[in-house]
Amino acid sequence: MIDYNVQLIQFPNKKVKETIVKNEDDSYTIFIDASLSSEEQRNAFKHAMKHITGNDFDKDDADNIEYNAHNMEVAMELCV
């Protein structure tokens with residue numbers, strides 16, 4: 001089971017939709033931009049959860065992680 005909490009905050013940079021912090025107790029805090037629409041917030045949450053369930057916090061190459069996460073999202077959309 002994954003322990004997480006979600007916080008809606010105002011990001012100063014509109015390029016960032018969400019970010020994740022792995023806490024000391026191995027839980028996660030997902031920060032989502034409060035200015036996003038409800039649908040965009042849901043998509044940001046789903047994106048964050050893919051990083052968590054993909055164990056991306058145990059990997060070193062952030063660019064490769066993002067590339068793979070976005071390609072997986074596109075592939076999932078094509079299958080629906």
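- In this structure D25 satisfies the side-chain contact (heavy atoms from CB on, under 4.5 Å) test together with N23, S27, sequence neighbours excluded.
- The side-chain contact (heavy atoms from CB on, under 4.5 Å) test applied to D26 returns K22, not counting sequence neighbours.
- Residues satisfying the salt bridge (Lys or Arg N to Asp or Glu O under 4.0 Å) criterion with K14, sequence neighbours excluded, are D33.
- Rounded to the nearest 0.5 Å, atoms OH (Y28) and OG1 (T53) are 9.5 Å apart.
- Residue V16 is found in a hydrophobic cluster whose other members, listed by chain and number, are I9, F11, V21, F31; membership requires side-chain heavy atoms under 4.5 Å apart, directly or through intermediates.
- With sequence neighbours excluded, the residues forming a side-chain contact (heavy atoms from CB on, under 4.5 Å) with L8 are I32, A34, Q41, listed by chain and number.
- One finds the CD1 atom of I20 at 7.0 Å from the NE2 atom of H47 (value rounded to the nearest 0.5 Å).
- Atoms CD and CD1, from E18 and I30 in turn, are 8.0 Å apart once rounded to the nearest 0.5 Å.
- Every residue two or more places apart in sequence or in another chain that forms a side-chain contact (heavy atoms from CB on, under 4.5 Å) with S37 is listed here: E39, E40.
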